[in-house]
Amino acid sequence: MTFEGFYRYMESKDNCVFNQAHTVVYQDMDQPLTNYFISSSHNTYLVGGQLVGKSHTDAYVRALRKGCRCLEIDCWDGDNMEPTVYHGHTLTTKILFKDVITTVAQHAFEVSPYPVILSLENHCSPQQQQVMAYYLELILGDKLLRAPLDNTPIGQLPSPNALQFKILIKNKKMDSKSEDEESVVQGENEEEEEEEEDNTAGPSTTSQKLVVANALSDLVIYTRSVKFISFSHSANNQKFNENTSMPETTARKLINESAVEFVRHNQKFLSRIYPGCITDNLAPQQFWNVGAQLVALNFQKTGSSMALNDGRFQDNGACGYVLKPRILQWTRRTFNPLIEHTVYRPLNPRWDEEMIFNISVPELCLVRFCLYDHPLLRSNFVGQYTLPFTSLKKGYRWVPLLTLKGKNLDPASLFVFVS
């Protein structure tokens, strides 16, 4: 082999630090949904800022093509009985609900066959909820899950395999059938807590009861939204097909006070965590550490949070579902595997630095290579690459560098030795 050939091999995918066997689905996909981390988006419709940004269906296309499997749709009454989607009480632009659903129907399974969850932040009147239900059934057709699956163990959510090419609706649901076309659901609209947390302008509606139209309620099968009260309340009252949402501030407080109970809760139920600030993303690792499945990020916001999310979900064929470690499925231990190690070498891009880490749960750990240029009094970001620790290949390896938006900076790269 010539030197040029050797050099090309060292910078090829075959020698990449990311295990190429993990670029396809290799994990067990027959376990209940609660046993997976699920790539999730917050305010998916936005392509810009949270207060004055633009809403566009392209944002759903981008999220789905990145493997996102839980999309948020903020639904409000629109003109001419056409429900609209936008960030309520802000200056963000509006798009039609039917256009969002059409986009989802077209692109839901382009990169992954596994189920998509549509998380509805529902502020619509019962009349326009019926319109929403009509569009969901008409446009999604057979993709829409309309009834429980056969042969699913009692008291357990189906698996990603069992739900392939299906779209699930996450929303409030009536307790029982009613002859009326609508019914008041006891408990506040969970997502209206999100508005309060966002500190957006406009009147507070957190004390109002949510009225759910039968037609929309009937489409909620395995992802019924309920208000989180406490871990003890959930243990005694929450059903297997019910899930809760909470802002990161609440979730962080629960981790600090009751981490073990949080792990147990997430062994039985789906939990969605969303950003508590209108401008920043949440740091997802701490919520994955306690087994939260739906850690929702602002996909339009670049930065370290999205880099971690991209690193987590490039595993398992980038299908949007990553199996949680067994320690989060069956045991009561908790831990913090996030380790950061920074090396500065301002004059020569060669470090010769040995880094040794003690890692409690390798299946949870992410490794992030981040390169900065440090001229006087400044720190300029150059590139980064994030991957699961369990996807690291040993030996002399090539590390590609990406921008914060995920664009490859080839030929810029790092060369490392992993032992």
Side-chain angles (χ1 to χ4, degrees), residues 13 16-42 44 59-72 103-119 140 142-145 149 152 157-168 170 222-223 243 266 270-272 284-285 287-288 291-297 299 306-326 328-329 362-367 385-393 400 402 406:
K13 286 186 176 181
C16 183
V17 70
F18 182 78
N19 188 343
Q20 295 302 292
H22 293 184
T23 60
V24 297
V25 175
Y26 68 94
Q27 296 177 346
D28 179 6
M29 302 303 286
D30 290 313
Q31 298 192 31
L33 291 181
T34 46
N35 285 358
Y36 297 85
F37 297 125
I38 304 171
S39 180
S40 305
S41 170
H42 173 254
T44 313
Y60 287 92
V61 178
R62 292 172 193 154
L64 287 166
R65 287 178 176 172
K66 291 190 76 169
C68 184
R69 298 286 89 187
C70 182
L71 308 171
E72 185 175 35
T103 300
V104 171
Q106 292 172 345
H107 300 279
F109 304 109
E110 275 187 13
V111 302
S112 172
Y114 297 111
V116 170
I117 300 170
L118 298 185
S119 182
L140 297 181
D142 292 340
K143 298 184 182 77
L144 180 65
L145 185 71
L149 302 180
T152 298
L157 290 177
S159 69
N161 265 344
L163 291 167
Q164 282 195 40
F165 302 107
K166 289 297 181 183
I167 296 175
L168 285 64
K170 175 181 172 296
Y222 290 119
T223 43
N243 59 84
N266 292 328
L270 291 177
S271 291
R272 178 176 176 268
Q285 184 68 44
F287 307 116
W288 291 328
Q293 300 87 353
L294 302 166
V295 182
L297 277 77
F299 272 47
M306 273 308 299
L308 292 174
N309 196 74
D310 291 344
R312 170 72 66 200
F313 289 105
Q314 73 168 313
D315 195 10
N316 201 33
C319 72
Y321 285 81
V322 173
L323 191 63
K324 297 198 295 189
R326 287 186 63 83
L328 291 178
Q329 298 177 28
E363 299 91 342
L364 264 181
C365 182
L366 294 173
V367 178
Y385 186 73
T386 309
L387 75 162
F389 179 84
T390 51
S391 295
L392 275 172
K393 290 194 73 175
L402 310 176

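Along the sequence shown, residues are numbered consecutively beginning with 1.
- Residues Cys70 and Ser119 approach most closely at SG-CB, 4.2 Å, considering heavy atoms.
- Between Arg272 and the options Gln293, Glu72, His42, a side chain to side chain donor-acceptor pair (under 3.5 Å) holds for only Glu72.
- Atoms CG and OG1, from Leu64 and Thr44 in turn, are 8.5 Å apart once rounded to the nearest 0.5 Å.
- A pairwise comparison of heavy atoms in Leu308 and Leu366 identifies O-CD1, 3.6 Å as the closest pair.
- For the pair Ser39 (side chain) and Gly320 (backbone), a donor-acceptor distance under 3.5 Å is absent.
- Between Ala105 and Leu140, the shortest heavy-atom distance links the atoms CB-CD2, 3.8 Å.
- Residues Ser112 and Cys319 come closest through the heavy atom pair OG-O, 2.7 Å.
- With hydrogens and angles ignored, the 3.5 Å screen pairs no side-chain donor or acceptor of Glu363 with any backbone N or O of Pro325.
- Residues Met29 and Tyr36 form a side-chain contact, since some pair of their non-hydrogen atoms from C-beta on lies under 4.5 Å apart.
- A donor-acceptor distance shorter than 3.5 angstrom exists from the side chain of Gln285 to the backbone of Leu364, with no hydrogens or angles considered.
- One N or O on the side chain of Gln329 and one on the backbone of Lys324 form a donor-acceptor pair closer than 3.5 Å.
- Tyr222 contributes a side-chain N or O that, together with a main-chain N or O of Leu149, makes up a donor-acceptor pair within less than 3.5 Å.
- Between Thr23 atom OG1 and Asn316 atom CG the span is 10.5 Å, to the nearest 0.5 Å.
- Atom CG of Leu328 is separated from atom CG of Asn266 by 8.5 Å, given to the nearest 0.5 angstrom.
- A donor-acceptor pair is defined here as one N or O able to donate and one able to accept, closer than 3.5 Å; such a pair exists between the side chain of Gln20 and the backbone of Phe18.
- Taking both residues in full, the closest heavy atoms of Val17 and Leu387 are given as O-CD1, 3.8 Å, listed atom of the first, atom of the second, then distance.
- Between Met306 and Phe299 there is a side-chain heavy-atom pair separated by less than 4.5 Å.
- Side-chain atoms of Leu270 and Leu157, non-hydrogen and from C-beta on, do get closer than 4.5 Å to each other.
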Applying side-chain contact (heavy atoms from CB on, under 4.5 Å), run through Val116 and Leu168 and close with a yes or a no. CA-CA 6 Å; Val116 170; Leu168 285 64; over 6 Å; no
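- Side-chain contact check for Asn35 versus Leu323: some heavy-atom pair is nearer than 4.5 Å.
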Show your working on side-chain contact (heavy atoms from CB on, under 4.5 Å) between Tyr114 and Asn161 and close with a plain yes or no. CA-CA 7 Å; Tyr114 297 111; Asn161 265 344; 3.3 Å; yes
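- Residue pairs meeting the salt bridge (charged side-chain N to carboxylate O under 4.0 Å, His left out) criterion with at least one member in residues 59-71, sequence neighbours excluded, are Arg65-Glu110, Lys66-Asp310.
- Nearest heavy atoms, Val295 versus Ala292: CG2-O, 3.7 Å.
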Derivation and outcome, side-chain contact (heavy atoms from CB on, under 4.5 Å), residues Asn243 and Leu294: CA-CA 10 Å; Asn243 59 84; Leu294 302 166; 5.7 Å; no
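- Between the side chains of Tyr26 and Asp315, at least one donor N or O lies within less than 3.5 Å of an accepting N or O.
- The backbone N or O of Pro388 sits nowhere less than 3.5 Å from a side-chain atom of Thr390 that would complete a donor-acceptor pair.
- Ring orientation note: the planes of Phe313 and Trp288 are nearly perpendicular, at an angle over 60° on the 30°/60° scale.
- Going from atom CG of Leu33 over to atom CD1 of Ile117 covers 6.0 Å, rounded to the nearest 0.5 Å.
- Under the 3.5 Å distance criterion, the side-chain polar atoms of Tyr321 are left unmatched by any main-chain donor or acceptor of Gln27.
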